[in-house]
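These notes concern the structure reproduced below.
All values derive from a computational prediction rather than experimental measurement. Naming: A, B, ... by sequence-line order, numbering from 1 per chain.
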There are 2 protein chains.
Amino acid sequence: MMNMNENSAFTDPYDSLAALFRALSHPARLAILEVLREGEACVCHIETLLGLRQAYVSQQLMLLRQSRLVSMRRQGWNVFYYISDPRVFEVLDQARAMLPAPLPPLPRTPASQCTCPKCRIAPQMQ
Amino acid sequence: MMNMNENSAFTDPYDSLAALFRALSHPARLAILEVLREGEACVCHIETLLGLRQAYVSQQLMLLRQSRLVSMRRQGWNVFYYISDPRVFEVLDQARAMLPAPLPPLPRTPASQCTCPKCRIAPQMQ
DNA sequence: CATTCATATTCATCATATTGAATGTTATCT
DNA sequence: AGATAACATTCAATATGATGAATATGAATG
């Protein structure tokens, strides 16, 4: 990991903690986690909500999975992602509290074209 | 910042939060913050405690300063660094709590050769 | 089994971060 | 002023991360 040098017995223990923060150090990944705060969501849902390309969302989800921040479950054609450990939101909330300005909430209903079962059943809950 | 592309109106607000996490995503910087948890410290102190080169410590301190995580105060030959906003430790502590194994504490007294006034007055408090 | 839908992965490219080495700066002391 | 102590900065090399485009996979359906 990293450039891996100038490290010391005293900084090494922080590698795993640093890795956790690195997983959180990307706006798209943070936005995805916020989507999942509401509950599990399929990839098409995340795509639509955030206005990102499918492959891009999958890439970020892969990184979140590798960091063990999210897990997935397959159901028919869809893959539903969910938060592995809700304690991540305590980290996120404490960090948000440090920002000079509050972050806006996620969009309510983004004219979703998502066609997953859940969306068909409860289509963008007006 | 970043590669800056494939972003959206919905991920943009998370840029500043991501920047905060990026500042925390490095073992040496985390170790420095832990040193400063005990109170302000001069650069020579951090060097000695963590076994890192002086220039390297200064570089990391510069990044921490740019992220407004630490502030500094000059006193004679020494520059003392201190935590700007103690809420950072709430972020750190919540993140630590997510790790599978607990992190070891910082070294008590690393045979300090630090010669700053504070160390001369209270030399490595056995 | 071919097709389709939803999602995943790979690869190439470009951007950013890390690090070491060298050098610059500032305050103090003689 | 010159020397020195403590720190800071710059520069270049390398490593890592981000992104887009293309392609692959796996489950379901006809």
Side-chain angles (χ1 to χ4, degrees), chain A residues 1-8 11 14-15 18-19 21-32 40-48 50 52-67 70 72-81 113-120, chain B residues 1-8 11 14-15 18-19 21-32 40-48 50 52-67 70 72-81 113-120:
Chain A
M1 72 170 290
M2 198 150 297
N3 242 340
M4 267 307 88
N5 251 322
E6 182 79 67
N7 52 0
S8 77
T11 62
Y14 293 96
D15 283 356
F21 285 126
R22 192 160 36 251
L24 297 176
S25 70
H26 191 289
R29 292 197 289 274
L30 292 174
I32 290 173
E40 66 173 12
C42 61
V43 179
C44 63
H45 211 76
I46 299 172
E47 267 180 77
T48 313
L50 300 181
L52 299 173
R53 286 177 308 120
Q54 178 271 318
Y56 187 77
V57 170
S58 270
Q59 284 169 341
Q60 301 305 149
L61 284 169
M62 172 166 34
L63 295 173
L64 288 171
R65 239 185 308 143
Q66 286 170 351
S67 310
V70 303
M72 47 178 278
R73 140 184 107 76
R74 200 166 193 132
Q75 182 184 309
W77 280 336
N78 301 283
V79 175
F80 288 87
Y81 279 85
Q113 295 308 325
C114 182
T115 58
C116 73
K118 290 203 168 179
C119 290
R120 268 196 303 259
Chain B
M1 71 171 289
M2 197 151 298
N3 244 339
M4 268 306 90
N5 251 323
E6 184 79 65
N7 51 2
S8 77
T11 61
Y14 294 96
D15 283 355
F21 285 126
R22 192 161 34 251
L24 297 176
S25 70
H26 191 289
R29 291 197 289 274
L30 291 174
I32 290 173
E40 65 173 13
C42 60
V43 178
C44 63
H45 211 76
I46 299 172
E47 266 179 77
T48 313
L50 299 180
L52 299 173
R53 288 177 306 121
Q54 178 270 318
Y56 187 77
V57 170
S58 271
Q59 284 169 339
Q60 301 304 151
L61 284 168
M62 173 165 33
L63 294 173
L64 288 171
R65 241 186 306 143
Q66 286 170 352
S67 310
V70 303
M72 47 176 278
R73 139 184 109 77
R74 203 170 188 127
Q75 182 184 308
W77 278 335
N78 302 285
V79 174
F80 288 88
Y81 279 85
Q113 295 308 325
C114 182
T115 58
C116 73
K118 291 204 169 180
C119 290
R120 269 196 303 258

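- Nucleotide C:dA17 holds its P atom 9 Å from the CG atom of B:Leu63, rounded to whole Å.
- When the P atom of D:dG17 is taken as reference, atom NE2 of A:His26 falls 12 Å away, rounded to whole Å.
- Spacing between atom CD of B:Gln60 and atom C1' of D:dC7 amounts to 15 Å, rounded to whole angstrom units.
- B:Ala31 pairs by the side chain to side chain contact (heavy atoms under 4.5 Å, CB included) definition with A:Thr11, A:Tyr14, B:Leu50, not counting sequence neighbours.
- A 4.5 Å side-chain heavy-atom check between A:Asn78 and A:Val43 finds every atom pair outside the cut-off.
- Comparing D:dA8, D:dT19, D:dT9 against the side chain of B:Val43 picks out D:dA8 as the nearest.
- Nucleotides of DNA chain D nearest to A:Ala28 and A:Arg74 differ in position, and the one nearer the 5' end is that of A:Ala28.
- Taking atom CZ of A:Phe80 as the reference point, atom C1' of C:dT7 lies 12 Å away to the nearest angstrom.
- Separating the CG atom in A:Leu64 from the NE2 atom in A:His26 is a distance of 10.0 Å, to the nearest 0.5 Å.
- For the pair A:Met72 CE and C:dT9 P, the computed distance is 8 Å after rounding to whole Å.
- Considering all non-hydrogen atoms of both residues, B:Phe80 and B:Cys42 come closest at CD2-N, 3.6 Å.
- A:Arg29 contributes no side-chain N or O that, together with a main-chain N or O of A:Gln60, makes up a donor-acceptor pair within less than 3.5 Å.
- Residues B:Ala18 and A:Leu30 approach most closely at N-CD1, 3.5 Å, considering heavy atoms.
- With the nearest nucleotide of DNA chain C identified for both A:Arg65 and A:Asn78, A:Asn78 has the one nearer the 5' end.
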Review item, nucleotides 21-23 of chain C N/O atoms under 3.5 Å of protein N/O:
none

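- Protein atom CZ of B:Arg29 is 9 Å distant from nucleotide atom C1' of C:dT18, rounded to whole Å.
- For the pair B:Tyr81 OH and D:dC7 C1', the interatomic distance rounds to 8 Å; values are reported in whole Å.
- Residues forming a salt bridge (charged side-chain N to carboxylate O under 4.0 Å, His left out) with B:Glu40 (at least two apart in sequence, or on another chain): B:Arg73, B:Lys118.
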Would you tabulate the nitrogen or oxygen pairs shorter than 3.5 Å linking the protein to nucleotides 28-30 of chain D?
| residue | atom | partner | partner atom | Å |
| --- | --- | --- | --- | --- |
| D:dA28 | O4' | A:Trp77 | NE1 | 3.1 |

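- Listed by chain and number, the residues in a salt bridge (charged side-chain N to carboxylate O under 4.0 Å, His left out) with B:Arg53 are A:Glu6 (sequence neighbours excluded).
- With rounding to whole Å, B:Ile32 atom CD1 is found 14 Å from C:dT18 atom C1'.
- Evaluation of the side chain to side chain contact (heavy atoms under 4.5 Å, CB included) rule for A:Arg74 yields A:Val79 as partners, not counting sequence neighbours.
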